[in-house]
Amino acid sequence: MGARPDTLFIRPVSSPCVRSRDVSAELRRLGVRASRGLGQHFLIDERVARRQVERAQIRPDETVLEVGPGLGVLTELLATRAKRVVAIERDRRLADALQDLGDRVEVVRGDALRTEWPAFDVMVSNLPYTISSPVTFKLLDHPFDRAVLMFQREFAERLVARPGTKDYSRLTVNAAHRAAGEILERVPRSAFHPQPRVDSAVVRLVRRPPAYRVTDEDTFHAVVDACFAHRRKTVGNSLDIEWKRFADDRPSWREILPALPFLDRRPESVAPEEFATLANAVSGAKG
């Protein structure tokens, strides 16, 4: 789906350039204690944030969505480029502190997974690690043009993995089905407060239609989900176990199953376009 991290031009940060306001002091002033359990790690290197904004190529007529703005390091920069920035922040104290960023910034207090997202053109966010997966799937279900997102490095590598690798997953296929993705740079843990236990990576997603035809989107996603639910088994065995997704009874499903392609393959070896072929065969057999 995208370039591997070891093939990229990467500018690591060896000594973070902390903003003029000290992050620790600001958090103390607000009465906020960063929660590792919630995946809260605040970016303290403004150079990383500036590169994220540059790579998003935001136009002055666009609306940007930001999830988890924290202390507003990204938010301030986005507001200088975009027509409107919608920042969704779960922590009430942090949300209150963002209210003075100007008329272009709209702060929404709430859980990004439960809050209805507004229409937007671009998403730029440093996502809390604990919600990276559900937020990404929610993003992929929305119309958008492009996104520049910070993830835990391991998650980023899964997002852009190639078939046949250990990182290739349901996440990879679903992302590749809707967008082209690439890792732009690795970000060391020293760029955050408190420091996470792992490094991060910045990923760009650009929305585009798949290069293959899918006759039924629901069946496509059901096939992908069923196969990766049992990724150590063959495609055939996985689909047999998950028969209730595709048929009213198992005997009728077992009549359909032998005629389907790729049954002896394992899910991690099946490319997105092959999943489309498999899903289209399921749709056709069901009538």
F262 and I241: same hydrophobic cluster, using ILVMFWY side-chain contacts below 4.5 Å?
-> no

NZ of K138: more than 12 outside heavy atoms within 6.0 angstrom?
-> yes

Looking only at heavy atoms, what is the nearest atom pair of F151 and L127, with distance?
-> CE2-CD1, 3.4 Å

Whether H41 and Y129 hold their rings parallel, tilted or perpendicular, with breakpoints at 30° and 60° | tilted

Specify whether H177 and Y212 have parallel, tilted or perpendicular ring planes, treating 30° as the upper limit for parallel and 60° as the lower limit for perpendicular.
-> parallel

Of all the heavy-atom pairs spanning F192 and M150, show the shortest one and how long it is.
-> CZ-CE, 3.9 Å

Could you tell me whether E62 and K83 have a side-chain N and a carboxylate O separated by less than 4.0 Å?
-> no

Roughly how far, to the nearest 0.5 Å, is the CZ atom of R254 from the CG atom of L239?
-> 12.0 Å

Would you say D248 has more than 12 foreign heavy atoms packed within less than 6.0 Å of its CG?
-> no

With no hydrogens and no angle check, is any side-chain donor or acceptor of W117 less than 3.5 Å from a backbone partner on A112?
-> yes

Between A119 and T63 the two heavy atoms that sit nearest each other are O-CG2, 3.8 Å

State plainly whether the residues D121 and R146 are in salt-bridge range, i.e. N to O under 4.0 Å.
-> no

For residues P261 and L278, report the shortest heavy-atom separation together with the two atoms involved.
-> O-CD1, 3.5 Å

Could you go step by step and tell me if T172 and S169 meet the side chain to side chain donor-acceptor pair (under 3.5 Å) rule?
-> CA-CA 5 Å; T172 317; S169 65; 3.3 Å; yes

Any cation-pi pair here, R84 with F120, using under 6.0 Å and within 45°?
-> no

Are L184 and V206 linked, directly or through other ILVMFWY residues, by side chains that come within less than 4.5 angstrom of each other?
-> no

Could you walk me through whether V282 and F220 pass the side-chain contact (heavy atoms from CB on, under 4.5 Å) check?
-> CA-CA 9 Å; V282 171; F220 175 82; over 6 Å; no

Electrostatic pair D199-R186, nearest N-O below 4.0 angstrom | no

Got a salt bridge between D167 and R162, using NZ or NE/NH1/NH2 to carboxylate O under 4.0 Å?
-> no

Do R208 side-chain atoms and A179 backbone N/O form a donor-acceptor pair below 3.5 Å?
-> yes

Answer yes or no: is there a donor N or O on one side and an acceptor on the other, between the side chain of T165 and the main chain of A161, under 3.5 Å?
-> no

Got a second to check how far D225's CG is from R245's CZ, nearest 0.5 Å?
-> 5.5 Å

Just how far is it from atom CD of Q152 to atom CZ of R189, taken to the nearest 0.5 Å?
-> 10.0 Å

For D216 against S283, the heavy-atom pair lying closest together | CB-OG, 3.7 Å

Looking at E66, R104, E89, which hits side chain to side chain donor-acceptor pair (under 3.5 Å) with T75?
-> E66

Apply the test side chain to side chain donor-acceptor pair (under 3.5 Å) to residues N237 and H230: give CA-CA distance (whole Å), side-chain angles for both, the deciding distance (0.1 Å), then the verdict.
-> CA-CA 8 Å; N237 286 337; H230 310 278; over 6 Å; no

Below 4.0 angstrom, N of the basic side chain to O of the carboxylate: do E46 and R50 qualify?
-> yes

Flag the pair L94 / F42 as yes when at least one side-chain heavy-atom distance between them is below 4.5 Å, and no otherwise.
-> yes

Considering the options L74, N126, L43, V73, which one meets the side-chain contact (heavy atoms from CB on, under 4.5 Å) requirement together with V48?
-> L43

E106 side, atom CD; L65 side, atom CG - distance, nearest 0.5 Å = 10.5 Å

Going through the distances and angles, do K166 and E268 end up as a salt bridge (Lys or Arg N to Asp or Glu O under 4.0 Å)?
-> CA-CA 7 Å; K166 65 180 179 63; E268 63 265 25; over 6 Å; no

Kindly determine whether V105 and L98 satisfy side-chain contact (heavy atoms from CB on, under 4.5 Å), including the steps that lead there.
-> CA-CA 8 Å; V105 177; L98 296 170; 5.7 Å; no

The reported gap from CG in D145 to CE in M123 (rounded to nearest 0.5 angstrom) is 14.5 Å

So, are R178 and D141 salt-bridged, with charged N and O less than 4.0 Å apart?
-> yes

With no hydrogens and no angle check, is any side-chain donor or acceptor of E274 less than 3.5 Å from a backbone partner on A271?
-> yes

Point-to-point distance, once rounded to the nearest 0.5 Å, from CG of L149 to OG of S200 = 12.0 Å

Transitively linked via ILVMFWY side-chain contacts under 4.5 Å: L159 with F137?
-> yes

Would you check if the side chain of T277 reaches a backbone N or O of E273 as a donor-acceptor pair within less than 3.5 Å?
-> yes

Between L139 and A147 the two heavy atoms that sit nearest each other are CD2-CB, 4.0 Å

Do side-chain atoms of T234 reach the backbone of D264 as a donor and acceptor pair under 3.5 angstrom?
-> no

Is any side-chain N of the basic residue among R158 and E154 closer than 4.0 Å to the acidic one's carboxylate O?
-> no

Look at the side chain of N280 and the backbone N and O of A276, then say whether any donor-acceptor pair between them is shorter than 3.5 Å.
-> yes

Donor-acceptor pair, Y168 side chain versus V270 backbone, under 3.5 Å?
-> yes

Taking the side chain from S269 and the backbone from R265, do they hold a donor-acceptor pair closer than 3.5 Å?
-> no

Do the charged groups of R81 and E54 touch, with an N to O distance under 4.0 Å?
-> yes

